[in-house]
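First up is the structure itself, then whatever we jot down about it.
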Amino acid sequence: IDSDHNLLDDVDHSNGVSSSPFDAESQLLSDYRQRYGLSIDPFVDDPHFPFYTGGQRRQTLEQLLHLCQFSHNLLVVAGDYGVGKTRMAQALIDALDDADDICFVEGQITSNIDSVLAEVFAQFELSGQSGFSEFCKKKSEQDGLVVLIVDNAHHLTDDVILGLINLLQENQVSRLHLVLFAEPHLLDRLDNINAPDLVLTDLVLDKFSLNDAVDYLNFRMEMADYLGPEVFTEGKVEPWWRQSQGQLLP
């Protein structure tokens, strides 16, 4: 998260420990890990870092799981840049059942529908669309879900989005579920896409409040095995929170 090292530097100064602006980043990391007894960098950009469930994140994840299991709607998780959409996508992957078949695709500006489908088929080790349709069929109650997750879906053109929607609708009575993670303007674009039978459910990831940001930073410290009193307070976090506008920038 942008500026977290600076926040910890502020805490160090308040305890009489000086820090040179010319110190290497690795030295800063080593110093504060040693000072606070941390097993890892608490602010490492790792999608597998324990999932923070505050700021309505737990409720959103539970809604996604429920909708994947009991609906065939197009699911869109919308949020501004830096609010944690990719981390939510990873949390969804981790929360799905071992029996589920999952595909994760990164939306690219240069993607076309053929390249996206080729990546999907390759991840499932399928030869083409006919094999995919057969793969998605539910043959018994023990069969898991097929969940296609597209991150940064707002980068995709309308033609690619429509192609994915057609794929979902062609496999409406099947194991297939489509979840798009995107910036909010994708929702406006979906209003203009010609898919009259589409049923859309959108969930919004809000920016963190100041209280959420304080709780989140202390959570990251706790997950790095910090056992002392809470390091971050509203007074220390507010300048960073205002600057970042509640976004969790990597």
Side-chain angles (χ1 to χ4, degrees), residues 1-2 45 47-48 51-53 55-69 71-96 100 102-120 123 145-172 176-208 212 216 244-250:
I1 298 173
D2 193 28
D45 184 17
H48 299 285
F51 181 60
Y52 175 69
T53 58
Q56 297 296 310
R57 268 53 179 177
R58 179 194 297 276
Q59 293 90 329
T60 300
L61 178 58
E62 289 175 348
Q63 284 181 282
L64 276 174
L65 287 169
H66 179 83
L67 289 164
C68 283
Q69 292 168 343
S71 86
H72 283 278
N73 300 353
L74 171 64
L75 306 180
V76 178
V77 180
D80 291 329
Y81 175 74
V83 299
K85 296 186 296 298
T86 300
R87 184 64 189 90
M88 177 64 72
Q90 183 60 54
L92 175 60
I93 291 171
D94 293 341
L96 287 165
D100 297 331
I102 305 165
C103 175
F104 179 88
V105 175
E106 180 76 26
Q108 304 286 346
I109 296 173
T110 56
S111 298
N112 57 47
I113 189 58
D114 290 335
S115 65
V116 172
L117 292 181
E119 184 173 353
V120 172
Q123 288 194 34
L145 310 172
V146 175
V147 184
L148 171 53
I149 297 171
V150 183
D151 197 20
N152 288 322
H154 54 276
H155 288 324
L156 300 175
T157 65
D158 288 354
D159 286 342
V160 176
I161 295 292
L162 182 58
L164 292 171
I165 291 171
N166 288 338
L167 190 70
L168 177 65
Q169 293 182 326
E170 288 165 5
N171 296 277
Q172 188 70 29
L176 180 62
H177 303 268
L178 177 59
V179 188
L180 307 181
F181 289 81
E183 293 182 7
H185 56 84
L186 178 65
L187 295 173
D188 296 329
R189 289 169 52 198
L190 287 170
D191 287 339
N192 298 316
I193 286 180
N194 185 23
D197 297 326
L198 176 67
V199 180
L200 167 68
T201 300
D202 60 285
L203 307 173
V204 176
L205 280 185
D206 291 321
K207 297 177 182 180
F208 275 4
D212 292 332
Y216 173 76
S244 66
Q245 298 181 328
Q247 296 173 336
L248 309 182
L249 299 175

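Note: hydrogens, waters and symmetry copies are ignored here, and every other heavy atom, side chains too, is used.
To the nearest 0.5 Å, atoms CD (Glu119) and CZ (Phe104) are separated by 9.5 Å. Residue Phe181 holds its CZ atom at 5.5 Å from CG of Leu92, rounded to the nearest 0.5 Å. Rounding to the nearest 0.5 angstrom, the gap separating the CG atom in Asp80 from the CD atom in Glu183 is 7.0 Å. Atoms CD1 and CG, on Ile113 and Asn166 in that order, are 8.0 Å from each other to the nearest 0.5 Å. For the atom pair OG1 (Thr157) and CG (Asp159), the distance works out to 5.0 Å, reported to the nearest 0.5 Å. Taking CE from Met88 and OG1 from Thr60, the interatomic distance works out to 5.0 Å, rounded to the nearest 0.5 Å.
Here Asp202 pairs with nothing under the salt bridge (charged side-chain N to carboxylate O under 4.0 Å, His left out) rule; sequence neighbours left out. Remark: Thr201 pairs with Asn73 by the side-chain hydrogen bond (donor to acceptor under 3.5 Å, both in side chains) rule, at least two apart or across chains. For Phe51, the ring pair (Phe, Tyr, Trp, His ring centres under 6.0 Å) test picks out no residue, with sequence neighbours left out. Checked against salt bridge (charged side-chain N to carboxylate O under 4.0 Å, His left out), Arg58 has no partners two or more places apart in sequence or in another chain. Scanning for side-chain hydrogen bond (donor to acceptor under 3.5 Å, both in side chains) contacts around Asp94 gives Gln90, with sequence neighbours left out. In this structure, the side-chain contact (heavy atoms from CB on, under 4.5 Å) partners of Thr86, at least two apart in sequence or on a different chain, are Asp151. By the side-chain hydrogen bond (donor to acceptor under 3.5 Å, both in side chains) test, Gln108 pairs with no residue at all, sequence neighbours left out. Among residues two or more places apart in sequence or in another chain, the side-chain hydrogen bond (donor to acceptor under 3.5 Å, both in side chains) test is passed with Ser115 by Asn112. With sequence neighbours excluded, the residues forming a side-chain contact (heavy atoms from CB on, under 4.5 Å) with Gln69 are Leu145, listed by chain and number. Qualifying side-chain contact (heavy atoms from CB on, under 4.5 Å) partners for Ile165, counting only residues two or more places apart in sequence or in other chains: Leu74, Ile161, Gln169, Leu190, Ile193, Ala195, Leu198. Not counting sequence neighbours, the partners of Asn152 by the side-chain contact (heavy atoms from CB on, under 4.5 Å) test are Glu106, His154, His155.
Taking all atoms of both residues into account, the shortest heavy-atom contact from Leu156 to Ser111 is CD2-CB, 3.8 Å. Residues Leu187 and Ala78 approach most closely at CD1-CB, 3.9 Å, considering heavy atoms. Here the closest heavy-atom approach between residue His177 and residue Leu168 is recorded as CA-CD1, 4.3 Å. Here the closest heavy-atom approach between residue Val77 and residue Lys85 is recorded as O-CD, 4.1 Å. Here the shortest heavy-atom pairing between Cys68 and Val179 reads SG-CG2, 4.0 Å. The nearest pair of heavy atoms linking Leu176 to His72 is O-ND1, 3.2 Å.
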Review point. Is there a side chain to side chain contact (heavy atoms under 4.5 Å, CB included) between Gln56 and Val204 once you walk through the steps?
Key: CA-CA 10 Å; Gln56 297 296 310; Val204 176; over 6 Å; no
Practice item. With side chain to side chain contact (heavy atoms under 4.5 Å, CB included) as the test, would you mind laying out the steps for Leu178 and Leu164 before giving the verdict? Key: CA-CA 8 Å; Leu178 177 59; Leu164 292 171; 3.9 Å; yes
Point to revise | Test side chain to side chain contact (heavy atoms under 4.5 Å, CB included) applied to Val105 and Ile149, step by step | key: CA-CA 6 Å; Val105 175; Ile149 297 171; over 6 Å; no
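Residues Leu203 and Leu64 are in side-chain contact: their nearest non-hydrogen atoms beyond the backbone lie under 4.5 Å apart.
Under the 3.5 Å distance criterion, the side-chain polar atoms of Asp188 are left unmatched by any main-chain donor or acceptor of Pro184.
Close placement of the Phe208 and Tyr52 rings is indicated, their centers lying within 6.0 Å of each other.
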